[in-house]
Amino acid sequence: MEQRNEKISFFKSIYPNKLTVSLAESLNDQIRFYLDNTLYIAAIESEDGCSVSLCKESNEESEKTANTSKISFIKENFKSLIKPFAVTIGLLLLEFIAICYLCFTLSNILVLVILVDITLLITSIIQTIILEFMATNSSIRSKHSAEHMMVNFLEANKRLPRSIQEVRKASRFSPKCGTRKGLKKDAEHIILIILTTIFTTIISTFVFHFSSDSIANEFIVIYTYFIVQFITRKVLTKYGILSSIINRIEKVLSNIAQCANTTSKVEDKDIILAYSAARFWLFIVYPEFYNQNDDPFWNRHLKVVSTSCKENQNILWKKILKVNI
């Protein structure tokens with residue numbers, strides 16, 4: 001077991017008593033648990049249940065994807081891109097109307113700039129949520145939820161689940177979901193708006209006390225707002241100040257977005273699919289947490305729901321041992 005892990009560099013926590021799933025992925029017909037950057041265990045959905053395979057991403061396929069031009073991508077996916085494009089245009093139009101309305105109705109330049117900033121932020125968050133919902137069909141939402149629940153259970157309990165009910169108690173929201181990465185800038189921007197507003201108000205109040213020229217004051221407010229925002233962004237990025245608050249806001253925004261690409265109505269077959277991939281993954285990456293006594297309960301499910309997975313498991317065990325010994 002130890003020799004096997006020394007030969008191949010698996011994703012693994014540096015802490016001896018901590019189990020971490022570094023990378024998992026849900027596709028239309030499968031759930032993957034990655035061993036490293038390219039090697040993964042795939043539980044693939046089939047008519048009579050599922051099949052589990054030890055797979056490796058092809059370098060040729062990766063290079064082909066990387067070399068595909070944007071024009072070629074648009075041509076190949078034109079129909080599927082129409083709706084997201086229409087949604088984006090629609091949101092931009094609403095954003096423009098809202099900003100124009102604010103410009104015509106508000107005379108206070110500081111309030112105007114703040115509200116425009118907030119409008120842009122809200123539009124960005126709404127766009128992310130809508131596009132996530134449109135890009136994820138009901139089948140993937142169920143698998144995505146099952147994947148998150150299985151990962152959360154493994155990391156919290158450091159063992160395989162013994163029942164479907166145990167998995168269902170785990171959260172379907174994951175702090176490591178790819179959705180969260182896209183929302184980090186939005187979380188930072190919320191803090192920026194708050195801090196910039198406070199500092200700009202203080203500076204503007206001081207300037208207005210000594211100046212009576214309203215036009216000059218408005219220019220000062222605008223320049224002060226964006227200069228303070230620029231400095232604050234640099235400080236937050238360089239020194240990581242308020243990172244704990246930003247992470248909490250990011251988590252809230254991520255959970256909201258994950259409501260669009262996950263579901264509370266997770267199908268049993270998808271939980272079993274996630275388990276099938278997690279079982280072999282745990283055996284390879286964390287053999288110290290793998291317990292064969294956890295298997296009998298799940299074998300009852302696999303006989304009914306996942307016959308091909310049951311038939312192929314012995315072949316896969318041999319393949320894993322052959323590859324890694």
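Note that the structure is a prediction, hence the values are computed from the model and not measured. Note that the numbering runs from 1 along the sequence shown for the chain.
- Between the side chains of Ser254 and Gln258, at least one donor N or O lies within less than 3.5 Å of an accepting N or O.
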Query - ring pair (Phe, Tyr, Trp, His ring centres under 6.0 Å) between Trp281 and Tyr40, worked out - result: CA-CA 8 Å; Trp281 175 88; Tyr40 61 89; over 10 Å; no

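- Once rounded to the nearest 0.5 Å, the distance linking CD1 of Ile31 with CE of Met150 reads 8.0 Å.
- Relative to the six-membered ring of Phe153, Lys169 misses at least one condition, a distance below 6.0 Å or an angle of at most 45° to the axis.
- A chain of hydrophobic side-chain contacts below 4.5 Å, direct or via other Ile, Leu, Val, Met, Phe, Trp or Tyr residues, connects Leu192 to Phe226.
- For the atom pair Tyr286 OH and Lys18 NZ, the distance stands at 9.0 Å (nearest 0.5 Å).
- For the atom pair CZ (Arg172) and NE2 (His148), the distance works out to 10.5 Å, reported to the nearest 0.5 Å.
- Atom CD1 of Ile231 and atom CG of Leu236 lie 12.0 Å apart (nearest 0.5 Å).
- The minimum heavy-atom distance between Ser26 and Ile140, with the atom names listed, is O-CG2, 4.4 Å.
- Rounded to the nearest 0.5 Å, atoms CG (Asn28) and OG (Ser139) are 5.0 Å apart.
- Applying the salt bridge (Lys or Arg N to Asp or Glu O under 4.0 Å) rule to Lys176 yields the partners Glu155; only residues at least two apart in sequence or on another chain are considered.
- Here Ile194 contributes atom CD1 and Thr232 contributes atom OG1; the two are 12.0 Å apart, rounded to the nearest 0.5 Å.
- Residues Ile272 and Ile164 are in side-chain contact: their nearest non-hydrogen atoms beyond the backbone lie under 4.5 Å apart.
- Sequence neighbours left out, not one pair with a member in residues 185-196 passes salt bridge (charged side-chain N to carboxylate O under 4.0 Å, His left out).
- Among residues at least two apart or in separate chains, salt bridge (charged side-chain N to carboxylate O under 4.0 Å, His left out) pairs with a member in residues 136-154 are Glu45-Lys143, Lys143-Asp270.
- Both Phe283 and Leu35 are part of a single hydrophobic cluster, where members link through side-chain heavy atoms under 4.5 Å apart.
- With Tyr225 as the fixed residue, the side-chain hydrogen bond (donor to acceptor under 3.5 Å, both in side chains) test singles out one of Asp117, Thr196, Thr200, Thr197: Asp117.
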